[in-house]
Number of protein chains: 2
Amino acid sequence: MSHAHPSSAASHGTASIRDVAELAGVSVGTVSNVLNRPDIVRPATVERVHAAIKELGFVRNDAARQLRAGRSTTIGLVVLDVRNPFFTDVARGAEDEAGRDGLSVVMANSDESPEREATHVAYFETQRVLGLLISPIGDLGERLERLRSSGTPAVLVDRVAGGRRLSSVAVDDVEGGRVAAQHLLDLGRRRLAFVGGPADLAQMQDRLAGVESAVAKAEGASVEAIETLGLGFEDGRRAARALLARHAPARPDALVAGNDLVAIGALQVLMGEGHLRVPDDMAIVGYDDIDFASAAVVPLSSVRQPRDLIGQTAVQILREEAEDPSLAPRNLVFKPELVVRESTAGRAWPRPSPGSAGGVAPARA
Amino acid sequence: MSHAHPSSAASHGTASIRDVAELAGVSVGTVSNVLNRPDIVRPATVERVHAAIKELGFVRNDAARQLRAGRSTTIGLVVLDVRNPFFTDVARGAEDEAGRDGLSVVMANSDESPEREATHVAYFETQRVLGLLISPIGDLGERLERLRSSGTPAVLVDRVAGGRRLSSVAVDDVEGGRVAAQHLLDLGRRRLAFVGGPADLAQMQDRLAGVESAVAKAEGASVEAIETLGLGFEDGRRAARALLARHAPARPDALVAGNDLVAIGALQVLMGEGHLRVPDDMAIVGYDDIDFASAAVVPLSSVRQPRDLIGQTAVQILREEAEDPSLAPRNLVFKPELVVRESTAGRAWPRPSPGSAGGVAPARA
DNA sequence: GGACAGCTTTGAATCGATTCACGAACTGTT
DNA sequence: AACAGTTCGTGAATCGATTCAAAGCTGTCC
């Protein structure tokens, strides 16, 4: 079978560019030209080739195309948790932006596990993706720099690239934590708690730092950090149960949660199992302002991040770095904004100031 | 540059198998063997090759591997809505199962648009993925059959393959609708409404049909269908506003929602804007039993589907069909189960029967 | 009629990993 | 020491699309 012509795409299997060329009576080069630069091919030929393509049901083999080009047109996105609406929204933003250039975004889930994360990065590396968007959990700095110097740029998402020569798109988490805490302090709360984790997650450290900085400036106020294993419902529920186990005076009077999932989980247990009143007995601020926040048992005050924008911007930067690898890394930081709802400013508590609940950032509904 | 040796992986760019071979002082064939069948290579050689691989930071180029193999080891998953937790849970199930065989799952979002869906299917086709998992919106029957006969199997997810020679993994939506309606009827409700859409979505048709069949058997009961454009929060909110615009006697006394997102959106508006009591004035049953269902303003009764299992099973079937394309298509249908919570069985209304609320299917919390 | 420009098309080389028929080297037997 | 039987390693062919130097063709103009 060495010198024979390739098998025709007869009964099954897929037609190749050669089959098309043969049927159309042209060379493979011409078919390729029709596919990629139709303007330099005579119209009549273009038509003949198209007819052949249609008749054979030819579909370009991207593996071959990619092998030649050296790079694919796919962007890899590794998120901490697919089930967290924050990340799916970021993904949507990225998809939209990528689509404009005919690029695709492919999503993988690290589930907050550095091992899974490493696996996915390695996978995308073998795929020679155009670039990587990562919301990192493990320490990838070195690895990503190596990747970058071998032609695969990476952009950190939802995390500022500290020191490393890497671009990032993030939101000022310190500010977010500060704003959340300040709001609670303004409402008269004094014994705050920050619930989130794992503690080595940069976002959590920053948000906690923000809370602490606000508390430090407030008379007689204190914070304690309650670490959770992850950032899902169940983590919030567990933390809330731990709080309920204390006797009432030892409990905080306000919670800043690491994200909305944790906040909602906690909310559920505090009210359902502990019969506490929210916000009366315990005020709660979430983080991310996911769609569910406003639909919770008690609509949740939350720190909103421009999710779509994060995804879009990350893709833009990635695209630019892919084209010009010598570009200096950029670190974009967006400002978060607080959305006030009943979980902090319920009827029983004085609202901060007239119009503030709707004014800071109007809830969508 | 025609006959010259390939450039060494010096300053930048990636090392190829040839660079490794050269450095290790063996042939490319041997390197490939070390990579794929290390058992047939002398241990000393294996070691030498591994050392070279490490020194060069060699990473296998999957495009080339794939080109030769004809197929990739990636499974494409096209979902209706990434933001719907139902689908991310299915994706998790699929990922877990695929991971067992070293396969990867890549997710794309059709957003209930047949055009985007077609684009994604085409994309996966050019990628020569191992197979496709699709929760279809448009009419893909013909296309998928063609794909299958050209070696790319597809499994329909959350939808029974009607007539077509395709496998599918679904849940009995007619039964789900029936159970939801029967529950409401048992509680004494008589004027039901089904809220969901778009109307041409098979799942919606089936669920509605189930509701109608239960209603038909109940004395003096009626249903109306309220069509929504999609299945997100906002769709539920809009539908609820339409209901509130009617004068009270013309409103239904119970809602079956197309999914939980719609249910939660409706719940929110009915209570928040309409000041209705749920379930007193309006009982609501959702669909999917996503995690948020139990955390809603009023914890939501919902029809639970075995989400993880759907994903896992779909991957299993896909794998089998990829290995043996002659396999007859299988159509698996799981049974849904009703989870009763306060949105239907609140204090003000009699519970169906002792223990039933927890017995039918205990809530996770 | 011939030369030349401009437009089309050709086809061999290439990307990197895999495969496999073949040969080299080695072991053990008689 | 010769030969059969193994074990290892080799390297050319291959997958399918792209590229680009070179060849073919058409038409124009002198």
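Proteins come first, then strands; the chains are lettered A, B, ... in the order of their sequence lines, and each starts at number 1. All values reported here derive from a predicted model rather than from experimental measurement.
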ask   = Touch check for Val41(B), heavy atoms < 4.0 angstrom, all strands: base, sugar-phosphate only, or nothing?
value = sugar-phosphate

query = Does atom CD of Glu47(A) have more than 12 heavy-atom neighbours from other groups under 6.0 Å away?
reply = no

ask   = Which of these nucleotides, dA17(D), dG11(D), dA12(C), is closest to any side-chain atom of Phe58(A)?
value = dA17(D)

message = Using a distance-only criterion (donor-acceptor N/O pair, under 3.5 Å, no hydrogens), is the base of dT14(D) paired with the side chain of Arg68(B)?
response = yes

task = Go through the side-chain N and O atoms of Arg330(B) and Ser168(B) and say whether any donor and acceptor fall under 3.5 Å apart.
result = no

ask   = Does a donor on one side chain sit under 3.5 Å from an acceptor on the other, for Ser113(A) and Asp111(A)?
value = no

Validation row: Arg48(B), Thr30(B) side chains within 4.5 angstrom (heavy atoms) = no

ask   = Expressed in angstrom and rounded to an integer, what is the separation of Asn33(B) atom CG from dC20(C) atom P?
value = 11 Å

request  = Under 4.0 Å between any heavy atoms, over every strand shown, what does Asn36(A) touch: base, sugar-phosphate, or nothing? Just pick one.
outcome  = sugar-phosphate

Nucleotide nearest Thr45(B) when distance is taken to its side chain, options dT18(D), dG9(D), dT8(C) = dG9(D)

message = Starting the side chain at C-beta, find the nucleotide from dA17(D), dT9(C), dT19(C) nearest to Thr30(A).
response = dT9(C)

ask   = Rounded to the Å, how far apart are Leu67(A) CG and dA17(C) P?
value = 9 Å

task = Could you work out which one of dG11(C), dG9(D), dA17(D) sits closest to the side chain of Ala64(A)?
result = dA17(D)

